[in-house]
Amino acid sequence: MHPYFLASRNYKNQNTVINVGSVDGFEVNVGGDESVFIAGPCSIEDEESALQLALKLKYFGVKIFRAMIFKPRTSPYSFQGLDTAGIPVLKSLKSKTGMILLTEVREAHEADAAFGYTDIFQIGTRNMSNFNLLKHVGGLNKPVILKRGMGSTIEELLCAAEYILAQGNQDVILCERGIRTFETYTRFTLDISAVPAIKELSHLPVIIDPSHASGKSSLVAPLSRAGLAAGADGVMIEVHEHPEISKSDGSQAIKPEQLSAIIKGRRF
Ligand code: PEP
Ligand code: MN
């Protein structure tokens, strides 16, 4: 038997379009005719800055906000996110902005804790092969953005998606976020060919994350254009009002105005 089936074009030839909620009465779909822009800080640092940034991004046309409270950090000494203390912030972001919220979860109990306060779960690169977590969110009725493991093949990504689909949750969005190569100038290497390759193999929507892929704010705009040109259904970008004082991933964060220029398709 093929290692994955439900994720494949053999099972379903037509592109999957995933409704992730609505903003101000307008339905938001991933995988449809419109490219989606998901933006926000690496992690929520405090309620006020998150709220101000979210409102600004909404004004610039962003409908899905990165509302990260559980942060998998490479170093144990780095800022680890607000953790469950961030739940009230998610509540406040939802009621004050009406945006669609995206939250990463690293364990089943975090998915349960965030369930009522987020619209989309994210499973990050470090957990793509956490099969118990995949099965757990597969049993929950909520869209999942599944990021490619930094050392995983396309087939392994599709098998990870299969774990979620096989539990009944059909709303899986795949994310190419860069893989480890010998290149050190960039943090990872954005595998642009993965976008059309996954599209050949799977009906699931595909987005790219140029921020974590490159680790460099200067490369975010060109990689965003490249991803969309290659057929990605959307782009996820880290944005901070003051990247230089961001508590995490400041070197890859762009300012809200720069994101607006990307959305407008301008070069800058
Ligand atoms: C993130 O998007 O917040 C993140 C940690 O990304 P990745 O898992 O791709 O490193
Ligand atoms: Mn980050």
Side-chain angles (χ1 to χ4, degrees), residues 30 36-45 49-50 53 57 62 64-76 78-83 86 89-90 100-107 110-111 114 118-130 133-134 137 143-152 154 156-157 160-161 172-181 186-191 194-195 198 206-217 219-220 223-224 227 232 234-255 259:
V30 183
V36 294
F37 287 89
I38 302 169
C42 178
S43 48
I44 290 180
E45 298 174 7
S49 66
L53 180 61
L57 293 177
V62 174
I64 309 175
F65 186 69
R66 282 180 53 97
M68 304 300 182
I69 57 173
F70 304 115
K71 290 304 301 173
R73 302 305 311 284
T74 302
S75 167
S78 304
F79 176 60
Q80 303 284 313
L82 296 184
D83 211 280
V89 182
L90 299 185
I100 290 162
L101 303 181
L102 164 70
T103 303
E104 172 154 0
V105 292
R106 301 164 300 184
E107 296 181 60
E110 291 177 351
T118 190
D119 300 288
I120 311 173
F121 287 132
Q122 170 168 303
I123 295 190
T125 191
R126 293 161 184 84
N127 276 309
M128 189 208 82
S129 303
N130 183 342
L133 178 61
L134 299 174
V137 298
V144 180
I145 291 180
L146 175 64
K147 300 186 89 172
R148 179 181 182 181
M150 60 180 85
S152 300
I154 290 168
E156 286 163 342
L157 172 63
V172 180
I173 299 158
L174 303 170
C175 179
E176 162 57 41
R177 50 78 67 207
I179 51 175
R180 253 292 132 71
T181 68
T186 47
R187 193 174 174 190
F188 297 94
T189 297
L190 183 70
D191 182 6
V195 176
I198 295 169
V206 181
I207 63 170
I208 61 148
D209 174 350
S211 306
H212 289 92
S214 67
K216 283 186 157 63
S217 56
L219 300 186
V220 167
L223 291 183
S224 299
V235 183
M236 166 150 52
I237 297 178
E238 285 191 345
V239 181
H240 198 287
E241 193 63 67
H242 305 286
E244 63 289 353
I245 55 162
S246 173
K247 288 190 180 171
S248 51
D249 286 351
S251 61
Q252 66 200 35
I254 61 171
K255 289 180 164 259
L259 181 80

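Nothing fancy with the numbering, it's 1 onward along the sequence. In listed order, ligands and their atoms are each counted from 1.
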Worksheet entry | Shell of residues surrounding ligand 1, defined by a 4.0 angstrom heavy-atom cut-off that is strict |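 If the criterion is a heavy atom under 4.0 Å, then ligand 1 touches Arg66, Lys71, Glu104, Gln122, Gly124, Thr125, Arg126, Lys147, Arg177, His212.
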Fill in: Pair Ser248-Ser43, side-chain donor/acceptor within less than 3.5 Å
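There is such a pair between these side chains.
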Worksheet item: Going by chain and residue number, what protein N/O/S atoms come nearer than 2.8 Å to the Mn ion (ligand 2)?
Response: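 Hits for the Mn ion (ligand 2) below 2.8 Å: Cys42 SG, His212 NE2, Glu238 OE2, Asp249 OD2.
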Worksheet item: Checking Thr103 side chain against Ala67 main chain: does a donor-acceptor pair fall under 3.5 Å?
Response: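 Confirmed, Thr103 side chain pairs with Ala67 backbone.
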Worksheet item: Do side-chain atoms of Gln122 reach the backbone of Lys147 as a donor and acceptor pair under 3.5 angstrom?
Response: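 No; zero donor-acceptor contacts below 3.5 Å.
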Worksheet item: Got a sec, which residues hit salt bridge (charged side-chain N to carboxylate O under 4.0 Å, His left out) with Arg106, two or more places apart in sequence or on another chain?
Response: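 So Arg106 forms a salt bridge (charged side-chain N to carboxylate O under 4.0 Å, His left out) with Asp83, Glu110.
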Is any side-chain heavy atom of [X] less than 4.5 Å from a side-chain heavy atom of [Y]?
X	Y	value
Val195	Ile208	yes
Leu157	Ser152	no
Thr118	Val105	no

Worksheet entry | Partners passing side chain to side chain contact (heavy atoms under 4.5 Å, CB included) against Ala194 (at least two apart in sequence or in another chain) |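 For Ala194, the residues satisfying side chain to side chain contact (heavy atoms under 4.5 Å, CB included) (neighbours in sequence not counted) are Arg148, Ile154, Glu176, Asp191, Ile198.
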Worksheet item: Does the ring of Phe79 carry Arg73 above it, NZ/CZ under 6.0 angstrom from centre and within 45° of its axis?
Response: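 No cation-pi geometry.
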